[in-house]
Protein chains: 2
Amino acid sequence: MFGKGKEWTGVDELDSAILRELQADARLTNRELAARLGLAPSSCLVRTRALRERGVLTGFHGQVDLAKIGRSVQALIAFTVRPLSRDVIRGFQTFALQQPEVIAVFVLGGSDDFLVHVAVPTISDMHAMLVDRFSKRREVVGFRTSIVYEHVRQLSIDPAPAD
Amino acid sequence: MFGKGKEWTGVDELDSAILRELQADARLTNRELAARLGLAPSSCLVRTRALRERGVLTGFHGQVDLAKIGRSVQALIAFTVRPLSRDVIRGFQTFALQQPEVIAVFVLGGSDDFLVHVAVPTISDMHAMLVDRFSKRREVVGFRTSIVYEHVRQLSIDPAPAD
DNA sequence: ATTGAAACGAACGATGG
DNA sequence: CCATCGTTCGTTTCAAT
């Protein structure tokens, strides 16, 4: 009927514009945002708040340059874990997120079970992390490491076009 | 000598705390941030500005719930491209980032050359994107798609501990 | 839904401790 | 680094449309 699944929440052109601007710069003042949309600050505030309350906007986060905080080496590590039960998945995920080197964890379907994005000062820190902590976990039956030379994110993700 | 490579920029405990708070909530007011650190607002402002000017803090970004903007299906796609020249790498990366489904691109070393994170409304949109656009590129010699069931990011990344 | 006006709070530069 | 003042600017509420 709507073609977007049950999570679809009406987001009109104005909402989209708000999302676009705030994804690009979370510190835009409400006045400036309103001015860019040709809206009164009060109306703009109502819409932005509604987007947060509906859970469309989930948060605002500062970004740091990893190299400048002493984490120049990035990698993606694909893990296979066994047995593939809910408990094991949850346990590994929790463990991974507790490691200070870990930036993000993807839970996957396909040939690998997890992809873990890490940032460390040097290659030997990565080796130490893998052999001393990750491969000591009993559920880990294998992993493959790929160095990340570059990581670029989209400045802003648009809502999917209406069908 | 310093063990952190040439990008190392002195970040003390107070700076770390600022980075931690602003990664978790980019919209903290300077006053509130200062209060949490037990610092005067004026001093806090000086430090936060310095972190931006030194490029340690690179930006502030709003986050959206992908499902709520009609992009419920996420995947990671590993691409192999040939020949592996600078121009080809740059060209593919630029192309990928222009696709509205693409959230992020990783340039890799190892068995795959790129990892592309995408979010689409449905599986058939993903299929269409791959066959109609990505696999038409001459440099693409192969790819593997893994579904993303979950994607969790660390709330805050700490500076690497001093050696 | 959107608005304007008014009250409140925050940012910021300057000064001096 | 802290404190305070003063100006400017932003936020938020609310009655009205």
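Predicted model, so just to flag it, every value in this text is computed and none were measured. Each chain gets a letter, A, B and so on, in the order its sequence line appears, and its residues count up from 1.
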Item to complete: Determine yes or no for a side-chain-to-main-chain donor-acceptor pair under 3.5 angstrom, with A/Arg71 supplying the side chain and B/Asp158 the backbone.
Response: yes
Worksheet item: Within the distance-only criterion (no hydrogens, no angle test), does the side chain of B/Arg54 pair as donor or acceptor with the backbone N or O of B/Gly10 below 3.5 angstrom?
Response: yes
Item to complete: Could you check how far CG of B/Asp12 sits from C1' of D/dC1, rounded to whole Å?
Response: 12 Å
Item to complete: Could I get the full list of ring-ring contact (aromatic ring centres under 6.0 Å, His included) partners for A/Phe95, not counting sequence neighbours?
Response: A/Phe134
Practice prompt. Sort and list the pairs that fulfil salt bridge (Lys or Arg N to Asp or Glu O under 4.0 Å) and have at least one residue in residues 140-150 of chain B, not counting sequence neighbours.
Written response: B/Asp112-B/Arg144
Nucleotide N/O of nucleotides 15-17 of chain D paired with protein N/O under 3.5 Å:
none

Discussion item. Just the rounded figure in Å: distance from C1' of D/dG10 to CZ of A/Arg27.
Written reply: 13 Å
Would you tabulate the nitrogen or oxygen pairs shorter than 3.5 Å linking the protein to nucleotides 12-17 of chain C?
unit_1: C/dG13; atom_1: OP2; unit_2: B/Arg49; atom_2: NH2; d: 3.1

Worksheet item: Which is true for A/Leu14 with a 4.0 Å heavy-atom rule: it touches a base, it touches only sugar-phosphate, or it touches nothing?
Response: sugar-phosphate
Discussion item. Rounded to whole Å, please give me the gap between CD in A/Glu13 and P in C/dA1.
Written reply: 17 Å
Give the table of side-chain donor-acceptor pairs shorter than 3.5 Å for residues 29-38 of chain A, with sequence neighbours excluded, one pair per line with atom names and distance.
unit_1: A/Thr29; atom_1: OG1; unit_2: A/Glu32; atom_2: N; d: 3.0
unit_1: A/Asn30; atom_1: ND2; unit_2: A/Pro41; atom_2: O; d: 2.9
unit_1: A/Glu32; atom_1: OE2; unit_2: A/Arg36; atom_2: NE; d: 2.9
unit_1: A/Glu32; atom_1: OE2; unit_2: A/Arg36; atom_2: NH2; d: 3.3
unit_1: A/Arg36; atom_1: NH1; unit_2: A/Glu21; atom_2: OE1; d: 2.9

Discussion item. Using whole Å, what does the distance between atom P of nucleotide D/dC2 and atom CZ of B/Arg47 come to?
Written reply: 9 Å
Worksheet item: Between the two ends of the helix from C/dA1-D/dT17 to C/dG17-D/dC1, what is the bend in degrees, rounded to 10 degrees, where each end axis spans five pairs?
Response: 30°
Worksheet item: If you look only at pairs with a residue in residues 80-104 of chain A, which of them pass as a salt bridge (Lys or Arg N to Asp or Glu O under 4.0 Å), with sequence neighbours excluded?
Response: A/Arg82-A/Asp113, A/Asp87-A/Arg90, A/Glu101-A/Arg133
Response to the item:
Looking only at D/dA3, C/dA10, D/dC1, the nucleotide nearest the B/Ser43 side chain is D/dC1
Fill in: Side chain of B/Ala40 - closest among C/dA10, D/dA3, C/dT2
D/dA3
Fill in: Fellow cluster residues of A/Val131, listed by chain then number, with links counted only when side-chain atoms sit under 4.5 Å apart
none
Worksheet item: Can you check the A/Leu33 CG to D/dT11 C1' distance for me, whole Å?
Response: 13 Å
Worksheet, complete the sentence: Grouping ILVMFWY residues whenever side-chain heavy atoms fall under 4.5 Å, the cluster of A/Leu45 otherwise contains none
Response to the item:
Residue set satisfying salt bridge (charged side-chain N to carboxylate O under 4.0 Å, His left out) with A/Arg47, at least two apart, ordered chain then number -> A/Asp12, A/Asp15
Worksheet item: Cluster partners of A/Val46, using ILVMFWY side-chain heavy atoms under 4.5 angstrom, listed by chain and number?
Response: none
Worksheet entry | Sequence-distant partners of A/His151, ring-ring contact (aromatic ring centres under 6.0 Å, His included), two or more places apart | A/His117, B/Phe106
Worksheet entry | Value in whole Å for how far the P atom of C/dA10 lies from CD of B/Glu32 | 9 Å
Discussion item. If I take atom CZ in residue A/Arg52 and atom P in nucleotide D/dT11, what distance separates them, rounded to the nearest angstrom?
Written reply: 14 Å
